[in-house]
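Only heavy atoms go into these numbers, but all of them, side chains included; no hydrogens, no water, no symmetry mates. Atoms within each ligand, like the ligands themselves, are counted from 1 in listed order.
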Amino acid sequence: MAEELDPFKISQKQLDTAAELMKLDKAAHQILREPQRTVVVNVPVKMRDGRSRLFTGFRVLYNDARGPGKGGIRFHPQETLDTVKALSAWMTWKCSLANIPFGGAKGGVICDTKKMTPAEIESLSRGYIRAISKFIGPKIDVPAPDVYTTPQIMGWMRDEYETIVGHESPGVITGKPVELGGSEGRFDSTAMGGMYVLREAAKLQKMKLKGAKVAIQGFGNAGKFAFEIATKLAGAKVVAISDSQGGVYDPKGLDYEKLNEVKEKTGSVQNYKGASRVSNDDLLELDCDVLIPAAIENQITKENADRIKAGMVLELANGPVTPEADKILFERKILDMPDFLVNSGGVIVSYFEWVQDMEGFYWTEDDVYSKLDKIITRSFNDIIAMQQTYRKGGRMITPREAAYVIAVDRVAKAMKARGWY
Ligand code: GLU
């Protein structure tokens, strides 16, 4: 992988920029450039043909100065330790920016769930939890779903953990099914949070959301609900959407129910009739008002950033824009709202889930969403205020840089108060 696309190097580079901007203490900077703990495990699973296969997995605790580690588990065939390290750093900044009492962590297993049976996935999920059980817990490090992991998988993982520790422990993992201590509203919370950010960003840009043209890359948990919420609640028009196989484009707008049906019946949104097919790369360069990368990292790079036509980029995926592309978008005056604000709805509602599990007292969906709205809107305003502070000092900074300054400052202060430097 090219050095400039290594996610961990990118996360370090972003931190370095923030450190320079805020004149971060050297010792704090040094601690924050590396994860606190990296665990690599190899998990044997008996496959359907009777043979045993070994799967490699990771759990990285990046920093727990502000609270227990927090972050999802990805099941992905191309998973790497460096990706998990980067994602754990981004979780640290995400929880800090939202000002929720968690540090950052992330996990991953190299596997292709599309080629596995449910029994094999369950067995791998349980084996992974057994392997990392000493390093997780409601007050140690709290996993959650991410790419290709589901509430059902979280359910198996909670069950396995409780079998090991011998008592109830619902707060060990979030994103669980509602029947098993999950929170109302958790499933679409990432997209919902993103839509609150879109609402605020549109206000700032004086852009009308009703009828605005939106292109979404990705039809996973984030992209799918972003489509539904953008059209049903905000009145926007989704003109393009894709999944891992490719996408479709119709300037008149796509129909959510029809698209869902096509995805369910044929396995890909590409088979939607009456729209033209586009590749995942072409989708990014379509003529639209809002571009939502909601799939994976490194999608907008120095190669295509000068061809982006959207007025605004809303990073619902983790790490979709590289630092070089960041600069190009900023120079071209395209508003790019950073991932660790835009997709923080997921972990914010995970926090609510954890609180509910610890108290054994559960909230309504309305309660969850109104609290989420408050937290994410406050984070948005904090970012705009930080940009203004720098502007007054004669320096223009991006929303991502402003978000970094806020988040890193909070973690550095917590480490200082603990006497770590
Ligand atoms: N995987 C989600 C993220 O990247 C959620 C993490 C969590 O809920 O802990 O933010």
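No donor-acceptor pair closer than 3.5 Å links the side chain of S123 to the backbone N or O of E120. Put simply, the side chain of Q387 gets close to the backbone of I397: a donor and an acceptor are under 3.5 Å apart.
The immediate protein surroundings of ligand 1, defined as residues with any heavy atom under 4.0 Å of it, consist of K70, G71, G72, M91, K94, K106, A144, P145, D146, R186, N318, G346, V347, S350.
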Handout entry: Working for side-chain contact (heavy atoms from CB on, under 4.5 Å), residues T231 and F227
Key = CA-CA 6 Å; T231 45; F227 186 165; 3.6 Å; yes
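Here R400 pairs with D339 in a salt bridge; the nearest charged N to carboxylate O distance falls below 4.0 Å.
Rounding to the nearest 0.5 angstrom, the gap separating the CD atom in E315 from the CG atom in L291 is 10.0 Å.
Note that K70 lies outside the cation-pi zone of W354, set by a 6.0 Å cut-off to the ring centre and a 45° limit from the axis.
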